[in-house]
Amino acid sequence: MFQPNMFDSHHSFDMSHKTPEDDLDMLRDDDYESKSGTDIMEAPSGDDQDPNQRPNKKKRYHRHTQHQIQEMESFFKECPHPDDKQRKELGRRLSLEPLQVKFWFQNKRTQMKAQHERHENTQLRNENEKLRSENIRYKEALANATCPNCGGPAAIGEMSFDEQQLRIENARLREEIDRISGIAAKYVGKPMLNYPNMSPHGPTRSLDQGVTSFSPQQGMVGEMFGANDLLRSVSGPTEADKPIIIELAVAAMEELIRMAQVNEPLWIPSSENSSETLSEDEYLRMFPRGMGPKQLGLKSEASRESAVVIMNHITLVELLMDVNQWSNVFSGIVSRAMTLEVLSTGVAGNYNGALQVMSAEFQVPSPLVPTRENYFVRYCKQHADGTWAVVDVSLDNLRPSSVSRSRRRPSGCLIQEQPNGYSKVTWVEHVEFDDRAVHNIYKLLVNSGLAFGAKRWVATLDRQCERLASVMANNIPSGDVGVITTPEGRKSMLKLAERMVLSFCSGVGASTAHTWTTLSGSGADDVRVMTRKSMDDPGRPPGIVLSAATSFWIPVQPKRVFEFLRDENSRSEWDILSNGGLVQEMAHIANGPDPGNCVSLLRVNSANSSQSNMLILQESSSDSTGSYVIYAPVDIQAMNVVLSGGDPDYVALLPSGFAILPDGPVQYQGGIPEVGTGGSLLTVAFQILVDSVPTAKLSLGSVATVNSLIKCTVERIKAAVGSP
């Protein structure tokens, strides 16, 4: 039987100098597939063909027997791509040439491919029809929509972008009010549950404001809400979100590695100093499929910093992946944090491949700088060269109903093992933020990247690694002994100081867990107050605690302000509660090579013989991005227990202190680095027990007393160090 040539007219081959088998072997199985179904062409011999003639238009075909077809069908199910040896064996069994077997399998694959494509096309047509029907239904619904305010037709097509954003913001605020109202109604007057695996730092308690003596214009004194419950209201990801989160995390890891390792033209070095600036054009060219363009109304901030720190690389990875350790070490930056869901715990007994969805709030230690709240995924991976990387990337796009004021593009760090237990850390921070609510005196600092940038993270990590090394040290320098006679006593005192610092840092910023009430003032240096009700907490004295804070600019370099405030010899110049008494350092523990980084136990010898002496626990710390002097009065008997190695968790503390920041980025004068304009941004924060009865009402007189105390302290500091 003869059939038309299987080749189209434009498929002609010169077969005069090659055998048919030579030509067919040049064709790949997947590049050419026969159109003859189960009919196979009988190829002509090259010897019978005239070299000057085109191939015949018609060839002879042989039909396979039913037995041959069944055998090859059965073999196809097991192996659709037989090799030469399999084709020869199959041809021998079925009395077919290997080429016939080869063509049959090609034709069969073509048939299967065509059937699959027809099935896919049918599915796509059905899906298209479904989408078209839904689109028509949505249009009809929109056409019949009514305005919720006036009942008239909704002018959806005429709504401006600003109106849309306002409606979204209004909806978000309504949800926020309902949520906080629910929390307040649930917990007012009741002790709050302590969730030990959550941060912020240590247990907190809700408040019964009980303030009735303020005027309507001032309202009630704000309270500190249970930050745990506010974070708890943030739900974890849905099952549908999880594949998207994994893809985002993997892409973010790749971006972080390149951001950390690539220099020019991605990072442009400064001609004046060691800083560098991210090239936005090069970034978009290098990462075209990133998180998309910058959101409207947000500013972009990118920074990179490296340092060698005294911590083992595995320990550092564990610190970053444990939310409590992470938020404790970076307590000056992380005001509260929580792991919402762990998608992967990693493999081989470590954090390689660990993936967790988190919520955190980042702060500057001042009520004048709004915090940055982020919902993000954290991904940890060990790379081939032994380098570890930990990356964060925001998941705000998975929550279209929320209005984000801050968004984390891929940010995090690379960790490389170094000799003798050290690690090299390269940190990248890349965020978008809204700075419109930042007070003017802090705008230069925030916009410079020094407030939230990589330099602050690395400087904090370096200082905290030195502190942790001090905690673990067994050899106590002779100058550190004082009244501390045992290593256990030294560790207990450091643990108590750590809790004091965490408590101060979690209560000094503009966290959404706080409700500050501004007292009358002249502007930036207004005093802000809030109350806390302390009950059944061994770490705090019971009663009503009033917190007060104020921030202001002073034309003095941060280092000078820090040295003045931490020096026990100048304490009587600003500390009103010491009553001008002589201050003596009884114990001293160094936290690294910088003499300013230390924990001290001070005794205030009152000038009034009728008053008992007072002990003060103080920790001072300083790095290139900021300084702290934090202190708290402590009971003498309780400190004796601590100094002998007892449990410090039962020592009641109400920390007060100072946060000292530069007023702007580093400026160079004659090649010498000067931070900012040479001025300082100083935050003063006090905690005062105004009533030992937790159920008592807060009086206006107590607020006025604390207000006078903090203002008087500020004036004394300005008078003592006010001139450059």
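A quick note: this is a predicted structure, and the numbers were derived from the prediction, not measured.
- Ion pair Arg566/Glu619 not flagged as a salt bridge, since none of the NZ, NE, NH1 or NH2 atoms sits closer than 4.0 Å to an Asp/Glu carboxylate oxygen.
- Atom CG of Asp462 sits about 9.5 Å away from atom CD1 of Ile310, to the nearest 0.5 Å.
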Taking it one step at a time, do Glu239 and Lys242 satisfy salt bridge (Lys or Arg N to Asp or Glu O under 4.0 Å)? CA-CA 5 Å; Glu239 289 299 320; Lys242 290 178 182 178; 2.8 Å; yes
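- Once rounded to the nearest 0.5 Å, the distance linking CD of Glu276 with CD of Glu305 reads 8.5 Å.
- Closest approach of Ser680 and Val561 over heavy atoms only: OG-CG2, 3.8 Å.
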Using salt bridge (Lys or Arg N to Asp or Glu O under 4.0 Å), reason through Glu466 and Arg463 one step at a time and then give a plain yes or no. CA-CA 5 Å; Glu466 291 178 350; Arg463 175 171 51 79; over 6 Å; no
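- For the pair Thr371 (side chain) and Glu361 (backbone), a donor-acceptor distance under 3.5 Å is absent.
- With rounding to the nearest 0.5 Å, the separation of CD in Glu264 from OG in Ser279 is 10.5 Å.
- The residues Glu282 and Arg285 are annotated as salt-bridged, a charged nitrogen and a carboxylate oxygen being separated by less than 4.0 angstrom.
- Salt bridge status for Lys299 with Glu432: absent, with no side-chain N to carboxylate O gap under 4.0 Å.
- In this structure, Thr683 contributes its side chain and Pro365 its backbone to a donor-acceptor pair below 3.5 Å.
- Heavy-atom contacts from other residues, nucleotides or ligands closer than 6.0 Å to NZ of Lys559 number 12 or fewer.
- For Phe362, the ring pair (Phe, Tyr, Trp, His ring centres under 6.0 Å) test picks out Trp457, with sequence neighbours left out.
- Contact detail for Gly657 and Phe504: the closest heavy-atom pair is N-CE1, 3.4 Å.
- Checking Ser303 against Glu429 by side-chain atom types alone, no donor-acceptor pair falls below 3.5 Å.
- A side-chain donor-acceptor contact under 3.5 Å links Ser344 to the backbone of Gly353.
- With contacts defined as side-chain heavy-atom distances shorter than 4.5 Å, the pair Arg304/Asn263 qualifies.
- A 4.5 Å side-chain heavy-atom check between Ser300 and Glu280 finds at least one atom pair inside the cut-off.
- Side chains of Asn328 and Ser331: no donor on one and acceptor on the other come within 3.5 Å.
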CA sep, side-chain torsions, deciding dist, call: Glu254, Lys381, salt bridge (Lys or Arg N to Asp or Glu O under 4.0 Å): CA-CA 11 Å; Glu254 294 175 0; Lys381 184 178 181 182; over 6 Å; no
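- Shown here for Met286 and Leu266, the closest heavy-atom pair between the two residues is SD-CD2, 4.0 Å.
- Minimum heavy-atom separation, Ala252 to Val391: O-CG2, 3.7 Å.
- Judged purely by distance below 3.5 Å, without hydrogens or angles, the side chains of Glu373 and Ser406 never pair a donor atom with an acceptor atom.
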Apply side chain to side chain contact (heavy atoms under 4.5 Å, CB included) to the pair Met358 and Val323, showing each step before the final yes or no. CA-CA 9 Å; Met358 303 174 67; Val323 67; 3.9 Å; yes
Under the side chain to side chain contact (heavy atoms under 4.5 Å, CB included) rule, what do Arg467 and Asn597 come out as? Steps first, then yes or no, please. CA-CA 8 Å; Arg467 189 188 195 283; Asn597 294 338; over 6 Å; no
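- Partners of Asp322 according to the side-chain contact (heavy atoms from CB on, under 4.5 Å) rule, which considers only residues two or more places apart in sequence or in another chain, are Asn324, Gln325.
- Side-chain atoms of Leu461 and Phe330, non-hydrogen and from C-beta on, do get closer than 4.5 Å to each other.
- With hydrogens and angles left out, the side-chain atoms of Asp623 and Thr625 include a donor and acceptor closer than 3.5 Å.
- Taking CG of Leu316 as the start and CD of Gln416 as the end, the distance is 12.0 Å to the nearest 0.5 Å.
- A donor-acceptor contact shorter than 3.5 Å is absent between the side chain of Ser547 and the backbone of Gln687.
- The backbone N or O of Gln382 lies less than 3.5 Å from a partner atom in the side chain of Asn352, making a donor-acceptor pair.
- At least one side-chain heavy atom of Val684 sits under 4.5 Å from a side-chain heavy atom of Ile710.
- Geometric assessment of Arg456 against the ring of Trp427 yields a negative cation-pi assignment under the 6.0 Å and 45° thresholds.
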Run the side chain to side chain contact (heavy atoms under 4.5 Å, CB included) check on Leu682 and Leu565 step by step: do they pass? CA-CA 11 Å; Leu682 180 59; Leu565 292 173; 4.2 Å; yes
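- Every side-chain contact (heavy atoms from CB on, under 4.5 Å) that Ala549 has, sequence neighbours left out, goes to Pro367, Trp516, Ala685.
- The pair Arg258-Glu255 does not count as a salt bridge, with every side-chain nitrogen at least 4.0 angstrom from each carboxylate oxygen.
- In this structure, CH2 in Trp553 is found 13.0 Å from OH in Tyr442, a value given to the nearest 0.5 Å.
- The line from CD1 of Ile415 to SG of Cys380 is 7.0 Å long, rounded to the nearest 0.5 Å.
- Looking at heavy atoms from C-beta onward, Ile660 lies out of side-chain contact with Leu681 at the 4.5 angstrom threshold.
- Within the 4.5 Å cutoff, side-chain heavy atoms of Glu301 are placed close to those of Phe452.
- Here Ala249 pairs with Leu355, Val377, Tyr379 under the side-chain contact (heavy atoms from CB on, under 4.5 Å) rule; sequence neighbours left out.
- Applying the ring pair (Phe, Tyr, Trp, His ring centres under 6.0 Å) test to Tyr351 and every residue at least two apart in sequence or in another chain returns nothing.
- In this structure, the side chains of Met321 and Arg378 come closer than 4.5 Å at one or more pairs of heavy atoms.
- Side chain of Thr315 to main chain of Met311: no donor-acceptor pair is present (N/O by atom type, distance under 3.5 Å, no hydrogens or angles).
- Ser394 places a side-chain N or O within 3.5 Å of a backbone atom of Arg408 that can act as its donor or acceptor partner.
- Using a 4.5 Å cut-off on side-chain heavy atoms (C-beta onward), Val501 and Tyr628 make no contact.
- For the pair Gln363 (side chain) and Cys505 (backbone), a donor-acceptor distance under 3.5 Å is present.
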For a side chain to side chain contact (heavy atoms under 4.5 Å, CB included) check, start with the C-alpha distance between Met500 and Ile630, then their side-chain angles and the critical distance, and finish with the verdict. CA-CA 8 Å; Met500 176 181 69; Ile630 302 168; 3.9 Å; yes
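- Under the 3.5 Å distance criterion, the side-chain polar atoms of Arg372 are left unmatched by any main-chain donor or acceptor of Phe433.
- The side-chain contact (heavy atoms from CB on, under 4.5 Å) search around Ala260 returns Leu414, Thr426, Val428, not counting sequence neighbours.
- The minimum heavy-atom distance between Phe562 and Ser627, with the atom names listed, is CD1-CB, 3.5 Å.
- At least one donor-acceptor pair closer than 3.5 Å links the side chain of Ser366 to the backbone N or O of Leu368.
- When all heavy atoms are compared, the tightest approach of Pro410 to His430 is O-CB, 4.0 Å.
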